[in-house]
Amino acid sequence: IDGAAKTAALAPPSTARNYAVLLIVVYLWIFVAEPQRRFEFLGDIHFEKLVMAFGWAALFLTGRLRARFSGITALIIVFYAWMLLSYLFSPYQGNYHSEHWLSDYWKLIVFYFLLLFAIDDLRDLTRIFKGFVIILFVYQAHSWFDFMNGGSYVYQQGVKRIIGVWSGGIGAANAFGMIALFSLPFALFWFNSARKAVEKAFLLFYFLLTTATIIFSGTRAALVGLVLMLVM
């Protein structure tokens, strides 16, 4: 992370506009915030699929659809082909869980290839990392605002546990704590490549906010992960 972050800080600014990267960040916001839970019409118009389609259109129109395959990509294709064959020959195709996971896995592979084609250099990767951190900051801040005003929580294991705004149900607190933890390596990457004091101050505050989220979510696995990350 240190070496890559320093390279990102020293790299000359990119002049080409990569609209696919912007759409990837929007897609990440949809994935994290799930606005269709709060605004049902977004689900009705399949807003998520529209953003993904626009992302692929941006790749096509900017001439970025070039062959970028590796051994890992080949293994992923084999994995998904095997999964599809398993589903096609399964007697449980109509099962809710089978359909749910098939749908989610196909969203992931489409997103994987969108990333594969959209990222041209470390500058693009850095923009996606920064976008993800900003999304998690806004999402956590919104959730904390709602939590302080009597919402965004579940009462489990005898304690009041914070959850992400607009989410709910069993496991919501754990999911909120874990995605907060997941964002910290990206924030660390940004911190190591930041050249402005205001950026470093923001990221230090982000770390404190994320730590509070993990603690008040009551997610023990995320707390252990936080401690291990601090030790490392």
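Taking each heavy atom of Ser183 and Tyr206 in turn, the nearest pair found is OG-OH, 2.6 Å. Annotation for Leu23 and Ala58: closest pair CD1-CB, 4.2 Å, computed over non-hydrogen atoms. Nearest heavy atom pair, residue Thr219 against residue Asn174, reads OG1-CA, 3.3 Å. Taking all atoms of both residues into account, the shortest heavy-atom contact from Ile214 to Leu223 is CG2-N, 3.6 Å. Scanning both residues, Gly177 and Ala222, for their nearest heavy atoms gives O-CB, 3.7 Å. Considering every non-hydrogen atom in both Leu59 and Ala20, the closest pair reads CD2-CB, 3.7 Å.
The structure places OG of Ser152 at 12.0 Å from CD of Gln140, a figure rounded to the nearest 0.5 Å. Note that the CD1 atom of Ile24 and the CG atom of Asp124 stand 8.5 Å from one another [nearest 0.5 Å]. Interatomic distance, CD of Glu199 versus CZ of Arg195, reported as 8.5 Å (0.5 Å rounding). Taken to the nearest 0.5 Å, the CG atom of Leu203 stands 9.5 Å off from the CG atom of Asn192. The structure places CZ of Phe129 at 14.0 Å from CD1 of Ile134, a figure rounded to the nearest 0.5 Å. In this structure, Leu181 CG and Met229 CE are separated by 7.0 Å, a value rounded to the nearest 0.5 Å.
In summary, of the residues considered (Tyr139, Phe186, Phe189, Trp29), a ring-ring contact (aromatic ring centres under 6.0 Å, His included) with Phe132 occurs for Phe186 alone.
Looking at heavy atoms from C-beta onward, Val224 lies in side-chain contact with Leu228 at the 4.5 angstrom threshold. With contacts defined as side-chain heavy-atom distances shorter than 4.5 Å, the pair Phe41/Phe47 does not qualify. Taking 4.5 Å as the limit, some side-chain heavy atom of Leu28 sits within range of a side-chain heavy atom of Ile128. Counting only heavy atoms from C-beta outward, the side chains of Val133 and Lys130 never approach each other to under 4.5 Å. Inter-residue side-chain proximity for Tyr27 and Met52 is flagged as met; some heavy-atom pair is nearer than 4.5 Å.
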Trace of the ring pair (Phe, Tyr, Trp, His ring centres under 6.0 Å) decision for Trp190 with Phe202 | CA-CA 11 Å; Trp190 186 359; Phe202 162 72; 5.7 Å; yes
Assess whether side-chain contact (heavy atoms from CB on, under 4.5 Å) is satisfied between Phe207 and Leu226, documenting all intermediate values.
-> CA-CA 10 Å; Phe207 171 76; Leu226 176 64; 4.1 Å; yes
Kindly indicate, with the supporting measurements, whether the criterion side-chain contact (heavy atoms from CB on, under 4.5 Å) is fulfilled by Tyr153 and Ile162.
-> CA-CA 4 Å; Tyr153 76 91; Ile162 188 172; 5.6 Å; no
Given side-chain contact (heavy atoms from CB on, under 4.5 Å), test Leu204 with Phe191 step by step and report yes or no.
-> CA-CA 8 Å; Leu204 286 172; Phe191 184 85; 4.1 Å; yes
Go through the steps to decide whether Tyr92 and Tyr87 satisfy the test ring pair (Phe, Tyr, Trp, His ring centres under 6.0 Å), and finish with yes or no.
-> CA-CA 8 Å; Tyr92 304 104; Tyr87 176 79; over 10 Å; no
Are Asn18 and Arg123 close enough, and set up right, to give a side-chain contact (heavy atoms from CB on, under 4.5 Å), and what steps lead you there?
-> CA-CA 10 Å; Asn18 192 341; Arg123 182 72 60 178; over 6 Å; no
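For His46, there are no ring pair (Phe, Tyr, Trp, His ring centres under 6.0 Å) partners, not counting sequence neighbours. For Phe205, the side-chain contact (heavy atoms from CB on, under 4.5 Å) criterion is met by Phe137, not counting sequence neighbours.
Panel note: side chain Thr210, backbone Leu184; no donor-acceptor pair is recorded below 3.5 Å. When atom types are taken as modelled, the side chain of Ser143 and the backbone of Val165 share a donor-acceptor pair closer than 3.5 angstrom. Side-chain N or O atoms of Arg37 include none that pairs as donor or acceptor with a backbone N or O of Ser167 at under 3.5 Å. Judged by distance alone, the side chain of Asp146 and the main-chain N or O of Asn149 form no donor-acceptor pair under 3.5 Å. Side chain of Gln93 to main chain of Leu88: a donor-acceptor pair is present (N/O by atom type, distance under 3.5 Å, no hydrogens or angles).
When the shell of 6.0 Å around NZ of Lys200 is examined, it contains more than 12 heavy atoms from other residues, nucleotides or ligands. Annotation for Leu208: atom CG counts as buried by contact number, over 12 foreign heavy atoms lying within 6.0 Å.
Hydrophobic cluster membership differs between Ile163 and Phe31, with clusters built from Ile, Leu, Val, Met, Phe, Trp and Tyr side chains linked at under 4.5 angstrom. By the criterion of side-chain heavy atoms lying less than 4.5 angstrom apart, applied directly or through intervening Ile, Leu, Val, Met, Phe, Trp or Tyr residues, Val154 is not grouped with Phe145; the two fall into different hydrophobic clusters. Linking Ile, Leu, Val, Met, Phe, Trp and Tyr residues whenever their side-chain heavy atoms come within less than 4.5 Å places Ile45 and Val51 in a single cluster. Using a 4.5 Å cut-off between side-chain heavy atoms of Ile, Leu, Val, Met, Phe, Trp and Tyr, with links allowed through other members, Ile76 and Leu102 fall into the same hydrophobic cluster.
A cation-pi arrangement is absent between Lys160 and Tyr155 under the rule of less than 6.0 angstrom and at most 45 degrees off the ring axis.
Taking the six-membered ring for Trp and the full ring otherwise, Phe39 and Trp166 have centroids separated by under 6.0 Å. Checked against the 6.0 Å centroid threshold, Phe147 and Trp144 count as a close aromatic pair.
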Could you list the donor-acceptor pairs under 3.5 angstrom formed by side chains in residues 104-113, with sequence neighbours left out?
residue : atom : partner : partner atom : Å
Asp104  : OD2  : His100  : NE2          : 3.2
Tyr112  : OH   : Thr73   : OG1          : 2.8

